[in-house]
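Everything below concerns the one structure shown next.
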Amino acid sequence: MAFHFMLKSMDYCAKLEGGKFDLDNVLRVCDLIFKRNGKVIKNNYRQSDEMLAILGRGKCTEGGEVRSQHRSAVTDLCVVQTMGRLYEKLQYGDKNRPLFTWSRGSKRPGQGVRYCDIMQILKDAAEACGRDTERYGTHSLRRGGGSAYLMAGKTLEAVAFYGQWAD
């Protein structure tokens with residue numbers, strides 16, 4: 001999601017002391033909307049062909065920005081299909097719950113995915129690919145998403161707007 005939606009780490013990480021979420025900023029379960037043929041669906045999320053994400057308050061925004069992704073033909077990398085499967089698997093009860101929390105009873109520290117967890121995952125992936133681990137971090141997801149969208153034919157202005165880059 002961070003790659004395809006060019007998210008900031010504050011949008012998905014538990015960044016407060018003790019691994020807690022800032023609920024004004026972080027994506028919550030209720031902030032994703034799944035659609036099929038233009039209509040909102042409430043089940044069978046893996047069948048969706050579009051997903052909307054409603055962003056919380058950010059550094060430069062008051063929140064409420066809606067971003068959309070459509071189903072990709074490359075199913076292994078399709079964020080819509082992947083998130084649909086996650087929603088079906090987890091069966092979220094509390095819709096105000098942060099999106100990327102650990103399951104109850106987990107031995108992991110904090111309420112959910114922390115900044116340091118994401119950093120470690122990215123560095124492990126870079127190392128597995130034979131890359132310099134010092135060159136990769138959470139911003140790599142935003143930069144990579146921006147680059148991918150430019151290569152897919154989006155305009156620089158559209159990518160800068162979507163990624164919330166001023167220049």
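Just so it is clear, the values below take in all heavy atoms, side chains as well, and ignore hydrogens, waters and symmetry mates.
Residue Phe5 comes nearest to Met51 through the heavy atom pair CE1-CE, 3.5 Å, listed as atom of the first residue, atom of the second, then distance. Between Lys35 and Leu52 the shortest heavy-atom distance is CE-CD1, 3.8 Å. Heavy-atom minimum distance, Phe21 versus Thr101: CE1-CG2, 3.6 Å. Heavy atoms only, all atoms of each residue included: Ser48 and Ile41 are closest at CB-CD1, 3.8 Å. Between Tyr136 and Met119, the shortest heavy-atom contact is O-CE, 4.2 Å. Here the shortest heavy-atom pairing between Phe3 and Gly144 reads CE1-C, 3.2 Å.
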Next item on the list: Could you check Leu7 against Arg67 for side-chain contact (heavy atoms from CB on, under 4.5 Å), going step by step and ending with a plain yes or no?
Entry: CA-CA 10 Å; Leu7 299 176; Arg67 296 186 183 178; 4.3 Å; yes

Note to self: Show, in sequence, the C-alpha distance, side-chain angles and deciding distance for Leu27 and Leu55, and conclude whether the side-chain contact (heavy atoms from CB on, under 4.5 Å) test is met.
What the structure shows: CA-CA 6 Å; Leu27 281 167; Leu55 299 184; 4.1 Å; yes

Item checked: Verdict with reasoning, Ile118 to Cys13, per side-chain contact (heavy atoms from CB on, under 4.5 Å) -> CA-CA 8 Å; Ile118 294 295; Cys13 287; 3.8 Å; yes

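Contact check for Leu99 versus Met83: side-chain heavy atoms found under the 4.5 Å cut-off. Within the 4.5 Å cutoff, the side chain of Met1 has heavy atoms near those of the Leu32 side chain. A 4.5 Å side-chain heavy-atom check between Met10 and Asp22 finds every atom pair outside the cut-off. Val29 is not listed as a side-chain neighbour of Asn96, based on a closest heavy-atom distance of 4.5 Å or more. Taking 4.5 Å as the limit, every side-chain heavy atom of Val113 sits out of range of all side-chain heavy atoms of Ile121. Put simply, the side chain of Tyr12 reaches to within 4.5 Å of the side chain of Leu141, judged on heavy atoms. Residues Asp49 and Asn37 have side chains in contact (heavy-atom distance under 4.5 Å, counting atoms from C-beta outward). The closest side-chain heavy-atom distance from Val159 to Trp165 is below 4.5 Å.
Between the CG atom in Leu86 and the CD atom in Gln81 there is a gap of 12.5 Å [rounded to 0.5 Å]. Distance check, rounded to the nearest 0.5 Å: OG of Ser140 to NZ of Lys123 gives 8.0 Å. Atom NZ of Lys154 is separated from atom CZ of Phe161 by 13.5 Å, given to the nearest 0.5 angstrom. How far CD of Glu88 is from CD of Gln47: 7.5 Å, rounded to the nearest 0.5 Å. Rounding to the nearest 0.5 Å places SG of Cys129 at 11.0 Å from CG of Asp124. Note that the CD1 atom of Ile33 and the NZ atom of Lys42 stand 7.5 Å from one another [nearest 0.5 Å].
Within the 3.5 Å criterion, the main-chain N or O of Gly112 finds a donor-acceptor partner in the side chain of Trp102.
Between Tyr45 and Tyr87, the ring planes lie perpendicular to each other; the angle is over 60°, past the 30° to 60° tilted range.
There is no path of hydrophobic side-chain contacts, each under 4.5 Å, that joins Leu23 to Phe100.
A salt bridge links Arg28 with Asp31; the closest basic N to acidic carboxylate O contact falls under 4.0 Å.
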